[in-house]
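Down below is the structure, laid out as C-alpha coordinates.
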Amino acid sequence: TKDGLLYFLDNDEVNPIEILACAQQALDYDESVNSLFFNYVTVINSGAFEGCYLFNGQKIFANTQEIGDRAFKDCTGITTFTLNEEIVSMGEGCFEGCTNLQIIYTSGDLQLTEIKNRTFYGCTSLEYIGYFPNISNIGGQAFENCTSLYQIHLSDMTSLKVIDNYAFLNCGELVLSNDVFPASLEKIGNSAFRNCKQICRGDGALLTFAKGSMLKEINADAFRGCYD
(Lines give C-alpha, C1' and ligand atoms only; values in the text may rest on other atoms or scores of the structure.)
Protein backbone atom coordinates (compact mmCIF):
# COMPACT_ATOMS: atom_id res chain seq x y z
CA THR A 1 0.00 0.00 0.00
CA LYS A 2 1.05 3.63 -0.25
CA ASP A 3 2.26 3.70 3.38
CA GLY A 4 4.48 0.67 2.82
CA LEU A 5 2.34 -1.69 4.90
CA LEU A 6 0.45 -4.77 3.83
CA TYR A 7 -3.19 -5.00 4.92
CA PHE A 8 -5.10 -8.29 4.74
CA LEU A 9 -8.15 -10.01 6.21
CA ASP A 10 -7.99 -13.49 7.70
CA ASN A 11 -11.66 -14.47 7.65
CA ASP A 12 -13.80 -16.16 5.01
CA GLU A 13 -15.80 -13.09 4.08
CA VAL A 14 -13.32 -10.99 2.18
CA ASN A 15 -14.24 -8.14 -0.12
CA PRO A 16 -12.34 -7.71 -3.39
CA ILE A 17 -9.04 -5.89 -2.95
CA GLU A 18 -7.65 -3.14 -5.15
CA ILE A 19 -3.90 -2.54 -5.04
CA LEU A 20 -3.04 1.13 -5.39
CA ALA A 21 0.69 0.95 -4.73
CA CYS A 22 3.07 -1.43 -3.03
CA ALA A 23 6.35 -0.40 -1.43
CA GLN A 24 9.34 -2.74 -1.18
CA GLN A 25 8.86 -3.45 2.52
CA ALA A 26 5.31 -4.60 1.90
CA LEU A 27 6.72 -7.55 -0.06
CA ASP A 28 8.87 -8.87 2.78
CA TYR A 29 6.46 -11.06 4.71
CA ASP A 30 5.39 -14.65 5.30
CA GLU A 31 4.59 -16.58 2.10
CA SER A 32 1.33 -18.00 3.49
CA VAL A 33 0.03 -14.48 4.04
CA ASN A 34 1.36 -13.58 0.62
CA SER A 35 -0.82 -16.21 -1.09
CA LEU A 36 -3.91 -15.34 0.94
CA PHE A 37 -3.68 -11.69 0.02
CA PHE A 38 -3.16 -12.06 -3.71
CA ASN A 39 -6.06 -14.49 -4.11
CA TYR A 40 -8.48 -11.63 -3.43
CA VAL A 41 -6.93 -8.97 -5.66
CA THR A 42 -9.30 -7.93 -8.47
CA VAL A 43 -7.62 -4.71 -9.67
CA ILE A 44 -3.93 -3.79 -9.84
CA ASN A 45 -3.76 -0.07 -10.49
CA SER A 46 -1.32 1.88 -12.66
CA GLY A 47 2.24 1.77 -11.36
CA ALA A 48 1.24 -0.41 -8.39
CA PHE A 49 4.45 -2.47 -8.35
CA GLU A 50 6.57 -0.24 -10.59
CA GLY A 51 10.24 -0.63 -9.72
CA CYS A 52 9.60 -3.23 -6.99
CA TYR A 53 12.64 -5.37 -7.67
CA LEU A 54 11.83 -7.72 -4.77
CA PHE A 55 8.55 -8.79 -6.35
CA ASN A 56 9.16 -12.08 -8.15
CA GLY A 57 5.77 -12.64 -9.76
CA GLN A 58 5.35 -16.11 -8.25
CA LYS A 59 1.89 -15.23 -7.05
CA ILE A 60 -1.42 -16.54 -8.33
CA PHE A 61 -3.71 -13.60 -9.07
CA ALA A 62 -6.63 -15.98 -9.38
CA ASN A 63 -9.37 -13.33 -9.45
CA THR A 64 -7.57 -10.36 -11.01
CA GLN A 65 -9.58 -8.72 -13.78
CA GLU A 66 -7.66 -5.51 -14.51
CA ILE A 67 -3.96 -4.66 -14.55
CA GLY A 68 -3.16 -0.96 -14.97
CA ASP A 69 -0.52 0.90 -16.98
CA ARG A 70 3.07 0.20 -15.86
CA ALA A 71 1.75 -2.03 -13.06
CA PHE A 72 4.89 -4.22 -13.06
CA LYS A 73 7.25 -1.92 -14.95
CA ASP A 74 10.92 -2.53 -14.11
CA CYS A 75 10.13 -5.43 -11.76
CA THR A 76 13.40 -7.15 -12.53
CA GLY A 77 12.70 -9.96 -10.02
CA ILE A 78 9.92 -11.43 -12.16
CA THR A 79 10.98 -14.49 -14.16
CA THR A 80 7.56 -16.02 -14.96
CA PHE A 81 4.02 -14.73 -14.71
CA THR A 82 0.60 -16.37 -15.11
CA LEU A 83 -2.32 -14.52 -16.65
CA ASN A 84 -5.60 -16.04 -15.48
CA GLU A 85 -8.77 -16.34 -17.53
CA GLU A 86 -10.48 -13.55 -15.54
CA ILE A 87 -8.21 -10.83 -16.90
CA VAL A 88 -10.02 -8.55 -19.35
CA SER A 89 -7.69 -5.54 -19.40
CA MET A 90 -3.92 -5.12 -19.25
CA GLY A 91 -2.51 -1.58 -19.41
CA GLU A 92 0.21 0.02 -21.49
CA GLY A 93 3.77 -0.73 -20.42
CA CYS A 94 2.46 -3.31 -17.98
CA PHE A 95 5.65 -5.43 -17.96
CA GLU A 96 7.98 -2.93 -19.61
CA GLY A 97 11.58 -3.31 -18.55
CA CYS A 98 11.11 -6.64 -16.77
CA THR A 99 14.47 -7.77 -18.04
CA ASN A 100 14.45 -11.17 -16.32
CA LEU A 101 10.93 -12.16 -17.36
CA GLN A 102 11.25 -15.37 -19.41
CA ILE A 103 7.79 -16.90 -19.80
CA ILE A 104 4.20 -15.65 -19.78
CA TYR A 105 1.82 -18.48 -18.98
CA THR A 106 -1.89 -18.27 -19.73
CA SER A 107 -4.61 -20.28 -18.03
CA GLY A 108 -8.09 -21.26 -19.16
CA ASP A 109 -9.89 -19.37 -21.90
CA LEU A 110 -8.13 -16.02 -21.65
CA GLN A 111 -10.59 -13.20 -22.43
CA LEU A 112 -8.02 -10.48 -23.05
CA THR A 113 -8.63 -8.78 -26.41
CA GLU A 114 -5.67 -6.39 -26.68
CA ILE A 115 -1.95 -6.39 -26.01
CA LYS A 116 -1.46 -2.67 -25.60
CA ASN A 117 1.42 -0.35 -26.48
CA ARG A 118 4.76 -1.24 -24.90
CA THR A 119 3.25 -4.05 -22.81
CA PHE A 120 6.44 -6.14 -22.95
CA TYR A 121 8.83 -3.47 -24.25
CA GLY A 122 12.44 -4.26 -23.43
CA CYS A 123 11.78 -7.66 -21.83
CA THR A 124 15.09 -8.90 -23.13
CA SER A 125 14.86 -12.38 -21.54
CA LEU A 126 11.30 -13.12 -22.67
CA GLU A 127 11.34 -16.31 -24.75
CA TYR A 128 7.76 -17.54 -24.90
CA ILE A 129 4.21 -16.37 -24.30
CA GLY A 130 1.17 -18.62 -24.01
CA TYR A 131 -2.06 -18.64 -26.01
CA PHE A 132 -3.99 -15.41 -26.53
CA PRO A 133 -6.96 -16.68 -28.58
CA ASN A 134 -9.13 -13.55 -28.38
CA ILE A 135 -6.58 -10.87 -29.23
CA SER A 136 -7.70 -8.37 -31.89
CA ASN A 137 -4.85 -5.86 -31.60
CA ILE A 138 -1.13 -6.04 -30.82
CA GLY A 139 -0.18 -2.48 -29.96
CA GLY A 140 2.76 -0.34 -30.98
CA GLN A 141 6.11 -1.44 -29.53
CA ALA A 142 4.30 -4.20 -27.64
CA PHE A 143 7.27 -6.57 -27.93
CA GLU A 144 9.95 -4.18 -29.13
CA ASN A 145 13.45 -5.20 -28.08
CA CYS A 146 12.32 -8.58 -26.77
CA THR A 147 15.55 -9.91 -28.17
CA SER A 148 15.11 -13.48 -26.86
CA LEU A 149 11.50 -13.99 -27.98
CA TYR A 150 11.34 -16.99 -30.32
CA GLN A 151 7.71 -18.11 -30.30
CA ILE A 152 4.30 -16.48 -30.38
CA HIS A 153 1.14 -18.26 -31.53
CA LEU A 154 -0.16 -15.87 -34.19
CA SER A 155 -2.19 -18.58 -35.94
CA ASP A 156 -4.28 -19.06 -32.80
CA MET A 157 -5.21 -15.37 -32.69
CA THR A 158 -8.16 -15.88 -35.02
CA SER A 159 -9.61 -12.43 -34.24
CA LEU A 160 -6.35 -10.52 -34.76
CA LYS A 161 -6.83 -7.44 -36.97
CA VAL A 162 -3.84 -5.18 -36.30
CA ILE A 163 -0.14 -5.68 -35.62
CA ASP A 164 0.79 -2.07 -34.96
CA ASN A 165 3.96 -0.03 -35.56
CA TYR A 166 7.21 -1.47 -34.17
CA ALA A 167 5.27 -4.28 -32.46
CA PHE A 168 8.11 -6.81 -32.83
CA LEU A 169 10.98 -4.49 -33.73
CA ASN A 170 14.38 -6.07 -33.01
CA CYS A 171 12.97 -9.46 -31.97
CA GLY A 172 15.96 -11.10 -33.59
CA GLU A 173 15.16 -14.67 -32.45
CA LEU A 174 11.50 -14.71 -33.48
CA VAL A 175 10.62 -17.53 -35.88
CA LEU A 176 7.35 -17.50 -37.82
CA SER A 177 8.18 -19.98 -40.58
CA ASN A 178 6.01 -22.65 -38.92
CA ASP A 179 3.19 -20.24 -38.15
CA VAL A 180 0.40 -18.67 -40.21
CA PHE A 181 -0.88 -15.10 -40.14
CA PRO A 182 -4.62 -15.44 -39.41
CA ALA A 183 -7.16 -14.59 -42.10
CA SER A 184 -8.62 -11.85 -39.87
CA LEU A 185 -5.40 -9.76 -40.01
CA GLU A 186 -5.96 -6.45 -41.82
CA LYS A 187 -2.87 -4.36 -41.04
CA ILE A 188 0.83 -4.81 -40.37
CA GLY A 189 2.29 -1.50 -39.18
CA ASN A 190 5.52 0.38 -39.83
CA SER A 191 8.62 -1.63 -38.93
CA ALA A 192 6.39 -4.17 -37.21
CA PHE A 193 8.87 -7.02 -37.74
CA ARG A 194 11.95 -4.99 -38.61
CA ASN A 195 15.24 -6.70 -37.78
CA CYS A 196 13.55 -10.01 -36.99
CA LYS A 197 16.42 -11.84 -38.65
CA GLN A 198 15.23 -15.37 -37.87
CA ILE A 199 11.62 -14.82 -38.89
CA CYS A 200 11.86 -17.13 -41.93
CA ARG A 201 14.53 -19.47 -40.64
CA GLY A 202 14.92 -22.63 -42.70
CA ASP A 203 15.55 -23.47 -46.36
CA GLY A 204 12.85 -22.01 -48.56
CA ALA A 205 10.84 -20.86 -45.55
CA LEU A 206 8.08 -18.42 -46.34
CA LEU A 207 5.69 -16.21 -44.42
CA THR A 208 2.21 -17.68 -44.77
CA PHE A 209 -1.17 -15.97 -44.71
CA ALA A 210 -4.29 -18.04 -44.05
CA LYS A 211 -6.75 -18.72 -46.84
CA GLY A 212 -9.30 -15.92 -47.19
CA SER A 213 -6.86 -13.34 -45.83
CA MET A 214 -8.36 -9.87 -45.22
CA LEU A 215 -4.96 -8.15 -45.25
CA LYS A 216 -5.17 -4.57 -46.57
CA GLU A 217 -1.96 -2.89 -45.40
CA ILE A 218 1.68 -3.82 -45.06
CA ASN A 219 3.30 -0.54 -44.10
CA ALA A 220 6.81 0.86 -44.55
CA ASP A 221 9.74 -1.28 -43.45
CA ALA A 222 7.38 -3.88 -41.96
CA PHE A 223 9.83 -6.69 -42.72
CA ARG A 224 13.02 -4.71 -43.28
CA GLY A 225 16.15 -6.50 -42.13
CA CYS A 226 14.40 -9.89 -41.97
CA TYR A 227 17.34 -11.85 -43.26
CA ASP A 228 20.21 -13.68 -41.68
Side-chain angles (χ1 to χ4, degrees), residues 6 17-24 26-29 31 33-135 138-139 141-154 156-157 167-168 171 173-174:
L6 174 68
I17 294 172
E18 181 174 341
I19 297 180
L20 299 178
C22 190
Q24 292 291 349
L27 300 175
D28 186 17
Y29 53 84
E31 186 64 26
V33 174
N34 188 329
S35 298
L36 171 68
F37 176 71
F38 286 105
N39 275 340
Y40 294 106
V41 172
T42 57
V43 177
I44 302 173
N45 275 7
S46 298
F49 290 90
E50 185 172 352
C52 288
Y53 60 88
L54 291 178
F55 182 73
N56 62 21
Q58 303 299 314
K59 319 292 185 282
I60 302 300
F61 294 92
N63 296 296
T64 301
Q65 299 171 10
E66 299 177 25
I67 302 177
D69 297 345
R70 311 178 321 282
F72 300 103
K73 186 175 185 285
D74 296 329
C75 289
T76 54
I78 297 179
T79 56
T80 64
F81 198 93
T82 300
L83 298 174
N84 72 74
E85 61 185 0
E86 301 294 327
I87 292 177
V88 296
S89 176
M90 203 162 62
E92 294 189 4
C94 185
F95 292 95
E96 181 177 343
C98 293
T99 53
N100 292 307
L101 176 62
Q102 297 176 19
I103 301 174
I104 292 289
Y105 295 105
T106 56
S107 63
D109 185 15
L110 191 67
Q111 298 303 305
L112 193 69
T113 60
E114 183 177 10
I115 299 175
K116 294 185 178 179
N117 298 343
R118 300 176 69 94
T119 297
F120 298 102
Y121 180 93
C123 293
T124 53
S125 298
L126 184 63
E127 298 178 354
Y128 172 84
I129 70 168
Y131 293 91
F132 288 76
N134 295 302
I135 291 295
I138 298 177
Q141 301 181 284
F143 293 93
E144 183 176 336
N145 293 333
C146 291
T147 53
S148 299
L149 182 65
Y150 69 87
Q151 186 174 25
I152 184 169
H153 302 279
L154 288 178
D156 295 304
M157 299 179 184
F168 293 94
C171 293
E173 297 299 316
L174 185 64

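When all heavy atoms of Gln111 and Val88 are compared, the closest pair comes out as CB-CG1, 4.4 Å. In terms of heavy-atom proximity, Ala142 sits nearest to Ile115 at CB-CG2, 4.1 Å. In plain terms, the two heavy atoms of Glu114 and Ile135 that are nearest each other are N-CD1, 3.4 Å. Counting all heavy atoms, side chain and backbone alike, Ala167 lies closest to Ile138 at CB-CG2, 4.1 Å. In terms of heavy-atom proximity, Cys171 sits nearest to Leu149 at SG-CD2, 4.5 Å. Of all heavy-atom pairs between Gly51 and Cys75, the closest is N-SG, 4.4 Å.
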CA sep, side-chain torsions, deciding dist, call: Leu101, Phe72, side-chain contact (heavy atoms from CB on, under 4.5 Å): CA-CA 11 Å; Leu101 176 62; Phe72 300 103; over 6 Å; no

Verdict with reasoning, Glu92 to Arg118, per side-chain contact (heavy atoms from CB on, under 4.5 Å): CA-CA 6 Å; Glu92 294 189 4; Arg118 300 176 69 94; 5.7 Å; no

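Of the possible polar contacts, one joining the Ser148 side chain to the Thr124 backbone as a donor-acceptor pair under 3.5 Å is found. Counting only distance, with no hydrogens or angles, the side chain of Thr79 and the backbone of Asn100 share no donor-acceptor pair below 3.5 Å. Judged purely by atom type and a 3.5 angstrom limit, Thr64 uses its side chain to pair as donor or acceptor with the backbone of Val41.
To the nearest 0.5 Å, atom OG of residue Ser125 and atom CD1 of residue Ile103 are 11.0 Å apart. To the nearest 0.5 Å, atoms OG1 (Thr147) and CG (Leu174) are separated by 12.0 Å. Expressed to the nearest 0.5 Å, how far CG of Leu126 lies from CG of Asn145 amounts to 12.5 Å. Interatomic distance, Gln102 CD to Thr80 OG1, rounded to the nearest 0.5 Å: 8.0 Å. For the atom pair Leu83 CG and Cys94 SG, the distance stands at 8.0 Å (nearest 0.5 Å). We find the CD-CG distance between Glu66 and Asn45 to be 8.5 Å, quoted to the nearest 0.5 Å.
Of the residues Tyr121, Phe143, Phe120, the one that meets the ring pair (Phe, Tyr, Trp, His ring centres under 6.0 Å) test with Phe95 is Phe120. Just one residue in the list Leu112, Thr106, Asp109, Asp156 forms a side chain to side chain contact (heavy atoms under 4.5 Å, CB included) with Pro133, and that residue is Asp109.
Annotation: side chain of Ile152 is in contact with side chain of Met157 (closest heavy-atom distance under 4.5 Å). Side-chain contact between Phe132 and Leu110 is present, with heavy atoms from C-beta onward closer than 4.5 Å.
Relative orientation of the Tyr128 and Tyr150 rings is tilted, given thresholds of 30° and 60° on the angle between their planes.
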